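All remarks here apply to the structure that follows.
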Amino acid sequence: MARFELKLPKMGESVAEATITNWLKQVGDKIEADEAVLEIATDKVDSEVPSEVSGVLVEQLFGKDDLVQVGQTIAIIETDSAAITETAQEIAAPVAVAAIEKTVDAAKEAVMAPADFSPDYSGSEKFLSPLVKNIAKEEGVSVVELESISGTGKEGRVTKNDILEYVKNRTSQPVVSTPVAAVQNSTTAPVPHKAAPVSLSGGDEIIEMDRMRKLIAGYMVASVQTSAHVQSFIEVDVTNIVKWREKNKIAFEKREGEKLTYTPIFMEAVAKALKDFPGMNISVDGDFIIKKKNINLGMAASLPNGNLIVPVIKNADQLNLVGMAKAVNDLGGRAKAGKLKPDDTQGGTYTVTNVGTFGSVFGTPIINQPQVGILALGAIRKMPAVIETPEGDFIGIRQKMFLSHSYDHRVVDGALGGSFVKRVAEYLEAFDIDRDF
């Protein structure tokens, strides 16, 4: 008999730890290779951890709600084969990286705002797992409230059951994270827990929001309350792009094995414009502005259930059109299939959303905090337009669209916000119809 150490696999450069949310197998249970052993939660994605070998689970080294570091051994599996050696374990570890893509609900918490967005629990003296923080954010539990909860976990830690029980029994309004003196002098009156609405006619269907929709709602309201949203709109003639794509899409798919959509072309122009205007590639942290070194483009994707997820194209300015198309198709496909990894939705510095997919001419998107801008791509339409030539002006049919740029007026003024979207338009209108791909 051989003992195999099941380790927490690496889930991306920016993911160093995860919280165990549920053991799917108990001590004594038989396990098949590639069968899920436990469920874990990161700040972005909930995932299953599979076994690389077949055998019997003989030891669980961590319990539910425990925080585990990447690379730590989380369980011991006894196998029938004596061939499982330490070297084999080292080889098997990367296999879990691919297997971790099978998420329980990849879009559950990867929404239009980063997971570390308000409120900030980093100042708490208590140890708080990512799972507890996520539940607290969803339910609007402040840092002050978390400090007051008596944890039942090891060394007084607040567990998942502790925070859920607190939320269930909470009868007063959430305490806002304010200076201690203000908290001590507050006289918040108790209010009853809001009951589910009742249909008076009996014909209305009442559906509770799923967890992801609650998170989206909270993040969107918080973003509007945080940033001073301003919009700039510009109309763009993309006739050359439409003609070029129609001429090359079949050859592109044959050569590259990828479909050629408009999205990578637009992403390429946005990445170029961000290099020209680095003041748009920033984030805000309190009274500080953080200039981002890398250009990481988030692309808002609609999921089959109607919710949103924002996978990120890392170092987008370093990709050619083929590389951009492959990245867009890969992330978009895995988003729809629920197979994004935790690292796929982190590190975005600017976001693009394609409202034209649903026929919208333009939109006013909400900023993805703590970024300072988001660009909406409108539908491409055939429009009559005045065409200027040396022989004079005439009316022609052109392919046009609107770009809608929402930006944070706290740190981005109209000159920068307008110039940036104009530069994107200039790159699109100057598209070389004879270029290679």
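Owing to the predicted nature of the structure, the values given are computational and were not obtained by experimental measurement.
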[X] side chain near [Y] side chain, heavy-atom distance below 4.5 Å:
X: T345; Y: V310; result: no
X: M267; Y: M299; result: yes
X: K326; Y: E256; result: yes
X: S404; Y: T364; result: no
X: V49; Y: L8; result: yes
X: I40; Y: E48; result: no
X: I31; Y: V56; result: no
X: E52; Y: D34; result: no

Take the angle between the ring planes of F252 and F437 and call it parallel below 30°, perpendicular above 60°, tilted in between.
-> perpendicular
side-chain contact (heavy atoms from CB on, under 4.5 Å) test vs F266 passes for just one of V352, L297, L428, namely L428
Using a strict 4.0 Å threshold on nitrogen-to-oxygen distance, state whether [X] and [Y] make a salt bridge.
X: K275; Y: E268; result: no
X: K10; Y: D343; result: no
X: K272; Y: D276; result: no
X: K214; Y: E208; result: yes

Can you name the closest pair of heavy atoms from [X] and [Y] and give their distance?
X: V412; Y: G417; answer: CG1-N, 3.7 Å
X: A75; Y: L57; answer: CB-CD1, 3.7 Å
X: V421; Y: L375; answer: CG2-CD1, 3.8 Å
X: G279; Y: V372; answer: O-CG2, 4.4 Å
X: N296; Y: N315; answer: OD1-N, 2.8 Å

What do the steps show when you test L260 against W244 for side chain to side chain contact (heavy atoms under 4.5 Å, CB included), and what is the final call? CA-CA 11 Å; L260 179 61; W244 181 85; 3.6 Å; yes
Any side-chain donor near an acceptor of the partner, E35 and S51, under 3.5 Å
no
From [X] atom [atom1] to [Y] atom [atom2], the distance as rounded to the nearest 0.5 Å:
X: R213; Y: I207; atom1: CZ; atom2: CD1; result: 12.5 Å
X: N248; Y: E246; atom1: CG; atom2: CD; result: 10.0 Å
X: E59; Y: R3; atom1: CD; atom2: CZ; result: 6.0 Å

Report task. Determine, using ring centers only, whether Y350 and Y407 are less than 6.0 Å apart. Result -> no
Residues at least two apart in sequence or cross-chain that pass ring pair (Phe, Tyr, Trp, His ring centres under 6.0 Å) with F277, listed by chain then number, are none
Across all chains, not counting sequence neighbours, the ring pair (Phe, Tyr, Trp, His ring centres under 6.0 Å) partners of F362 are F233, F402
Walk me through whether Q26 and Q60 qualify under side chain to side chain contact (heavy atoms under 4.5 Å, CB included). CA-CA 8 Å; Q26 302 301 321; Q60 296 175 346; 3.4 Å; yes
* To do: Check the pair K7, E5 against salt bridge (charged side-chain N to carboxylate O under 4.0 Å, His left out), reporting the backbone distance first and the verdict last.
  => CA-CA 6 Å; K7 301 179 184 293; E5 295 184 357; 3.1 Å; yes
task: Assess whether side chain to side chain contact (heavy atoms under 4.5 Å, CB included) is satisfied between F4 and I76, documenting all intermediate values.
output: CA-CA 6 Å; F4 178 83; I76 302 296; over 6 Å; no
Review item, side-chain donor-acceptor pairs of residues 280-294, under 3.5 Å, at least two apart:
from	atom 1	to	atom 2	distance (Å)
N281	OD1	T349	OG1	2.6
N281	ND2	K292	O	3.4
N281	ND2	N294	O	3.0

**Prompt:** When you look at I265 and Y427, which way does the side chain to side chain contact (heavy atoms under 4.5 Å, CB included) test go after all the steps?
**Reply:** CA-CA 10 Å; I265 300 174; Y427 279 127; over 6 Å; no
